[in-house]
Number of protein chains: 2
Amino acid sequence: MIHRTSVHTCPPKAVEAVPYDRAMQETAEADDGESRAERKERTRRAILDAALALAADSNLAAISLRQVAKQVGVVPTAFYRHFGSLELLGLALVDESFRSLRLMLLDVWRHAPEYRDFIDGSLPIVAQHVRENCSHYAFIARERTAGPPRVREAIRHEIELITRELATDIARSGAAEHYSSKDIGLLADLIVSFVVTMAERLVEDPDSEERTLADARTQLRMLLVGALGWRSTGRT
Amino acid sequence: MIHRTSVHTCPPKAVEAVPYDRAMQETAEADDGESRAERKERTRRAILDAALALAADSNLAAISLRQVAKQVGVVPTAFYRHFGSLELLGLALVDESFRSLRLMLLDVWRHAPEYRDFIDGSLPIVAQHVRENCSHYAFIARERTAGPPRVREAIRHEIELITRELATDIARSGAAEHYSSKDIGLLADLIVSFVVTMAERLVEDPDSEERTLADARTQLRMLLVGALGWRSTGRT
DNA sequence: TAGTTGAGTGAACAGACGTTCACTCAACGG
DNA sequence: CCGTTGAGTGAACGTCTGTTCACTCAACTA
């Protein structure tokens with residue numbers, strides 16, 4: 001139990017506290033037409049954001065339900081109305097992180113269908129997405145290795161899906177015609193692993209984004225130029 | 001504060017409890033000639049091992065001084081005789097992990113001075129070391145992204161040192177003659193990043209070691225064959 | 001041999017923890 | 001319009017947390 005003095009690197013992104021139930025004593029006339037479901041969703045969001053912010057100073061396994069509740073401005077028991085446990089909350093965060101990430105990847109596939117554009121077209125999009133969803137990426141980077149087993153497993157699975165998707169995309173692009181399908185998978189894995197590492201660095205040190213990106217571009221070029229000259233030894 | 005039910009994957013490695021101070025009531029005749037310093041060192045080791053074992057089920061920031069003390073078989077206050085805080089204990093663990101790792105790397109440099117042997121010579125040595133020091137690697141993998149800031153920083157620094165060492169080794173080997181020195185650094189970084197990822201996988205799923213290694217070898221070959229065909233565009 | 005040192009003890013503290021329970025009372029649906 | 005529902009309350013519980021303090025008593029040193 002190490003106590004952190006908040007030194008988070010990325011997001012100002014204020015956490016919306018939910019004013020408890022004085023939702024009716026409207027001071028103004030009538031701008032808060034808020035259904036029951038809307039209020040619930042708002043609190044849920046606030047809990048997710050609060051957990052994301054608190055975990056940023058250590059990690060999911062080190063924060064407490066009570067801290068989250070306090071940050072949201074709600075009594076501890078209210079937490080249970082939304083999540084059965086911190087672990088389930090973690091799974092929800094994984095879900096939402098990758099939902100956003102997958103949308104971004106659709107952009108990448110669309111903007112860089114040609115191999116020649118692959119690096120220059122994709123990296124900036126990824127970098128921008130990391131910048132804009134910094135806290136989610138930080139969460140994934142941490143919990144991928146240090147999270148509760150179920151959370152780790154969920155993240156591992158999502159990354160595996162993305163790797164498979166990239167593999168079929170490489171195969172379809174015809175850029176690696178002489179590769180066996182297994183080796184296309186390995187190449188995709190190599191690329192995804194590299195991008196994961198790069199994303200971790202962007203999150204850890206956002207100020208050096210420009211340099212990190214320039215280096216990553218060179219490295220990706222080394223990797224791809226090399227890999228494309230490579231020849232599978234196995235069979236399809 | 002998520003409570004883990006111990007599901008650690010790797011080490012049986014029992015934690016030596018230190019019997020408190022009945023060190024004198026020897027039941028047998030005289031086999032425990034143990035100096036004061038020796039006893040202190042033994043307790044220190046037991047604390048390090050206990051922390052390593054406990055952190056394996058979650059992470060450093062989530063364990064408590066009292067848990068460690070209980071596991072060691074010592075009263076909580078005794079902890080302070082050895083470490084000022086859990087964070088300092090973490091730094092000690094980083095230190096000891098990398099001391100061992102550096103010794104292993106000397107072996108690698110020695111056994112694979114020729115480029116042709118690089119992959120086949122190095123990977124098995126690394127894999128063996130990961131297998132034998134599983135809990136240390138797991139610790140590094142977790143705390144590298146999720147540890148307290150000072151611990152993260154220490155790990156990042158150690159990895160950077162190793163990368164630099166590899167870079168000078170690549171330069172000396174002459175395998176990348178047409179590379180600028182900066183690009184040799186980037187290549188070294190690429191390789192180290194990949195090996196870190198591979199080590200994480202070996203730790204996460206030790207049962208698939210054989211397959212993981214085979215895949216890694218192919219990927220490293222893709223990477224290197226490619227990279228060696230690559231040509232720096234910048235200047236030295 | 002007498003005196004110092006320091007690893008480990010054990011009690012005590014104030015606060016935070018997860019979880020339970022009975023409750024309120026505004027929004028909802030028939 | 002009136003009964004149901006369910007998000008949020010607040011008190012209470014037993015347990016665990018980090019840290020303090022004065023202490024013991026074996027190993028060391030002079």
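Naming: A, B, ... by sequence-line order, numbering from 1 per chain. Being a predicted model, the structure only gives us computed values, none of them experimental.
The closest side-chain heavy-atom distance from Met104(B) to Asn133(B) is not below 4.5 Å. Contact check for Phe98(B) versus Leu161(B): no side-chain heavy atoms found under the 4.5 Å cut-off.
With no hydrogens or angles considered, no side-chain donor-acceptor pair links Ser193(A) and Thr197(B) at under 3.5 Å.
Rounded to whole angstrom, the span from the CG atom of Leu65(A) across to the P atom of dT9(D) amounts to 13 Å. Computed from coordinates, the Glu34(B) CD to dA7(C) C1' distance equals 12 Å when rounded to whole Å. Atom OH in Tyr80(A) sits about 12 Å away from atom P in dC21(C), given to the nearest Å. Atom NE2 of His3(A) and atom C1' of dC17(C) are 11 Å apart (whole Å). Regarding Glu38(B), its CD atom lies at a distance of 15 Å from the P atom of dA7(C), rounded to whole Å. Rounded to an integer number of Å, the gap from CD1 of Ile2(B) to P of dT19(C) is 11 Å. The interatomic distance linking Arg44(B) (CZ) with dG6(C) (C1') rounds to 17 Å, in whole Å. Counting to the nearest Å, the C1' atom of dT5(D) and the NZ atom of Lys40(A) are 11 Å from each other.
Between the side chain of Arg142(A) and the main chain of Thr145(B), no donor-acceptor pair closer than 3.5 Å is present. Between the Thr43(B) side chain and the Arg39(B) main chain, a donor and an acceptor come within less than 3.5 Å of each other. A side-chain donor-acceptor contact under 3.5 Å links Glu143(B) to the backbone of Leu60(B). Looking only at distances, no side-chain donor or acceptor of Ser208(A) sits under 3.5 Å from a matching main-chain atom of Arg211(A).
Side-chain N/O atoms of Ser35(B) include none lying less than 4.0 angstrom from OP1 or OP2 on dA27(D).
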Under 3.5 Å between N/O atoms: give me all the protein pairs with nucleotides 10-14 of chain C, atom names plus distance.
| from | atom 1 | to | atom 2 | distance (Å) |
| --- | --- | --- | --- | --- |
| dG10(C) | O6 | Thr77(B) | OG1 | 3.1 |

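Using a 4.0 Å cut-off on heavy atoms, none of the residues of residues 82-93 of chain B approach DNA chain D.
Applying the ring pair (Phe, Tyr, Trp, His ring centres under 6.0 Å) rule to Phe139(B) yields no partners; only residues at least two apart in sequence or on another chain are considered.
Across the interface with DNA chain C, nearest-nucleotide mapping of Arg36(B) and Ala78(B) shows Arg36(B) to be the residue nearer the 5′ end.
Counting atom types as modelled, Arg81(A) pairs no side-chain N or O with a base atom of dG6(D) as donor and acceptor under 3.5 Å.
Sparse packing is recorded around CZ of Arg150(A), with 12 or fewer heavy atoms of other residues, nucleotides or ligands lying under 6.0 Å away.
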